[in-house]
Amino acid sequence: MGKHPSAIEELRARQRKRLAAIRKLNARYAGQAFPRRAAEKWNRLRRELDETEELITELRARCERHHRRT
């Protein structure tokens, strides 16, 4: 399947790290509002998760189209 599966696996590994960081923030500030810096980090991590998920979807679709043609 070429480089796409390994690229997707690398992206998935980054996603797991982001999710762990989100869980850590959530646990640290459980029951309270995030301070500004924590809120900014949370928002950045969530945005990166969404963007990376879109990229993974695109890479999978491209890989599938490529393999249907070969």
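Starting from 1, each residue takes its place in the sequence as its number.
Taking every heavy atom of both residues into account, Leu45 and Ala21 meet most closely at CD1-CB, 3.8 Å. Here the shortest heavy-atom pairing between Gln32 and Arg28 reads NE2-O, 3.9 Å.
Rounded to the nearest 0.5 Å, atoms CG (Leu59) and CG (Leu55) are 4.5 Å apart. The line from NZ of Lys17 to CD1 of Ile22 is 14.5 Å long, rounded to the nearest 0.5 Å. Here the CD1 atom belonging to Ile56 is positioned 5.0 Å from the CG atom belonging to Leu11, to the nearest 0.5 angstrom. Once rounded to the nearest 0.5 Å, the distance linking CD of Gln15 with CD of Glu48 reads 9.0 Å.
Residues Arg14 and Thr52 form no side-chain contact, since every pair of their non-hydrogen atoms from C-beta on lies 4.5 Å or further apart.
Between Phe34 and Tyr29, the angle of the ring planes goes over 60°, which puts this pair in the perpendicular group of the 30/60° scheme.
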Intermediate values then yes/no, salt bridge (charged side-chain N to carboxylate O under 4.0 Å, His left out), Glu53 and Arg12: CA-CA 9 Å; Glu53 201 58 45; Arg12 284 281 177 218; 3.0 Å; yes
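Note: the hydrophobic cluster containing Trp42 also contains Leu19 (ILVMFWY, side chain heavy atoms under 4.5 Å, direct or indirect links). Ile8 and Leu49 fall into different hydrophobic clusters, where Ile, Leu, Val, Met, Phe, Trp and Tyr are joined by side-chain heavy atoms under 4.5 Å apart, directly or via other members.
Salt bridge annotation for Glu40-Arg44: absent, with no cationic side-chain nitrogen under 4.0 angstrom from a carboxylate oxygen. Ion pair Arg62/Glu58 flagged as a salt bridge, since at least one NZ, NE, NH1 or NH2 atom sits closer than 4.0 Å to an Asp/Glu carboxylate oxygen.
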